[in-house]
Undergrad: 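Mind looking over this structure? Questions follow.
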Amino acid sequence: MKRVAILISGGGSNMVALARSMTGDHPARPVLVVANDPAAAGLAKAAAMGIPTAAVDHRAYKGDRAAFEAALLAPLEAAAPDILCLAGFMRILTPGFIARFAGRMLNIHPSLLPKYPGLHTHQRALDAHDAEAGCTVHEVTAELDAGPILGQARVPVLPGDTAETLSARVLIEEHRLYPAVLRRFASGNRTPLWLP
Ligand code: GAR
C-alpha cells in the first residue's frame with residue numbers, strides 16, 4: 001500500500017476528492033494533510049475524515065524559505081509518504097525540497113499546460129478567447145508547472161463565462177482527473193490520461 005501525503009493551502013476540495021478515492025482496492029491511502037495556513041478550511045475536512053493533519057504557517061518564517069521548508073519536512077518525514085500530492089498548495093517550493101520527492105510529487109494546475117503556468121489561469125484563458133479550458137496533473141520538477149504531464153481534462157469555455165464560472169466548471173473536472181491520475185500513478189502507470 002502506497003502512503004500519500006497531501007499539501008493544501010485553502011478549501012481542500014481536491015484533497016477531499018483524493019482522500020475519498022483511496023479506499024477499497026485503491027493502491028494508496030492518505031497518511032497526512034499539511035497546510036501552510038493554520039486556518040485552511042481543508043484541515044478540518046481532513047480531520048473529519050480521520051486523516052492526521054499538520055499546519056506550518058509560512059508567515060512565521062518571514063521569507064526564509066529554507067526554514068519554512070525544514071519545518072514542512074518534519075511532519076512529512078515522520079509520515080514517510082511514498083507520494084506527495086500538491087492540491088491547491090499555493091507556495092513555491094525550492095528545487096532542494098522538490099529533489100527530495102523527485103519522481104513522486106504530483107500537482108494539479110487549473111489550465112491546459114503548457115498554457116498558463118502560474119496564477120490567474122481562468123482569466124488568462126478568457127482574455128485569449130480560448131474555446132476550451134481545463135486542468136492538468138503533472139509531476140513536479142524544479143521548473144514551475146512544467147513537469148511531465150500525467151493527465152488532462154477539458155471543458156468548453158461558454159458565452160458569458162467569468163473567471164468564477166469557468167473555474168467552477170474546471171474544478172468539477174479536477175475532482176475527476178486528480179483521483180484517476182493518482183490511482184494510475186500509485187500503481188506505477190505514468191502514461192498520460194486524457195479525459196474528454
Ligand atoms: C484548484 O483549482 C487548484 O487547481 C488550484 O487551486 C485550487 C484549489 O482548490 N491550484 C493552483 O492554482 C496551483 N497553482 P481546492 O483547495 O478546493 O482543492
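Worth saying up front: this structure is predicted, and the values here are computed from it rather than measured. Numbering of ligands and ligand atoms starts at 1, following listing order.
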Undergrad: Verify the cluster assignment for F101 and V56: are they in a single hydrophobic cluster under the rule of side-chain heavy atoms below 4.5 Å apart?
TA: yes
Undergrad: I'd like to check which ligand 1 atoms, numbered from 1 as shown, lie under 4.0 Å from a non-hydrogen atom of G88.
TA: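 Contacts of ligand 1 toward G88, numbered from 1: 6 (O), 8 (C), 10 (N).
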Undergrad: Provide, to 0.1 Å, the distance between atom 15 (P) of ligand 1 and the closest protein heavy atom, together with that atom's residue and name.
TA: S13 N, 3.4 Å
Undergrad: Specify the closest pair of heavy atoms between L43 and A55, including all atoms of both residues, with the distance to one decimal.
TA: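 Shortest heavy-atom separation between L43 and A55 comes out as CD1-CB, 4.0 Å.
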Undergrad: What protein heavy atom sits nearest atom 16 (O) of ligand 1, and how far off is it?
TA: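 Here the closest protein heavy atom is G12 N, 2.8 Å.
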Undergrad: Can you list the ligand 1 atoms lying under 4.0 Å from a non-hydrogen atom of G11?
TA: 16 (O)
Undergrad: Could you state the interatomic distance from CD (Q123) to CG (D161), rounded to the nearest 0.5 Å?
TA: 10.5 Å
Undergrad: Give a yes or no answer on whether the side chain of K45 reaches the backbone of G11 with a donor-acceptor pair at less than 3.5 Å.
TA: yes
Undergrad: Using a strict 4.0 Å cut-off to heavy atoms of E174, name the atoms of ligand 1 that fall inside it.
TA: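 Under 4.0 Å from E174, ligand 1 has these atoms: 1 (C), 2 (O), 3 (C), 4 (O).
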Undergrad: Less than 3.5 Å between some nitrogen or oxygen of N14 and one of ligand 1, yes or no?
TA: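 Between N14 and ligand 1 (N or O atoms, distance only) the closest approach is under 3.5 Å.
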Undergrad: Strictly below 4.0 Å, N to O, side chains only: are R59 and D37 in salt-bridge contact?
TA: yes
Undergrad: Looking at ligand 1, would I8 count as a contact under a 4.0 Å heavy-atom criterion?
TA: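 Per 4.0 Å heavy-atom rule, I8 does not contact ligand 1.
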Undergrad: So does R29 have more than 12 non-hydrogen atoms from other groups sitting under 6.0 Å from CZ?
TA: yes
Undergrad: Can you tell me which residue and heavy atom of the protein come closest to atom 13 (C) of ligand 1, and the distance to 0.1 Å?
TA: M90 SD, 3.7 Å
Undergrad: How close does the nearest protein non-hydrogen atom get to atom 12 (O) of ligand 1, and which residue and atom is it?
TA: P110 CD, 3.5 Å
Undergrad: Look at D25 together with R183 and state whether they make a salt bridge at an N to O cut-off of under 4.0 Å.
TA: yes
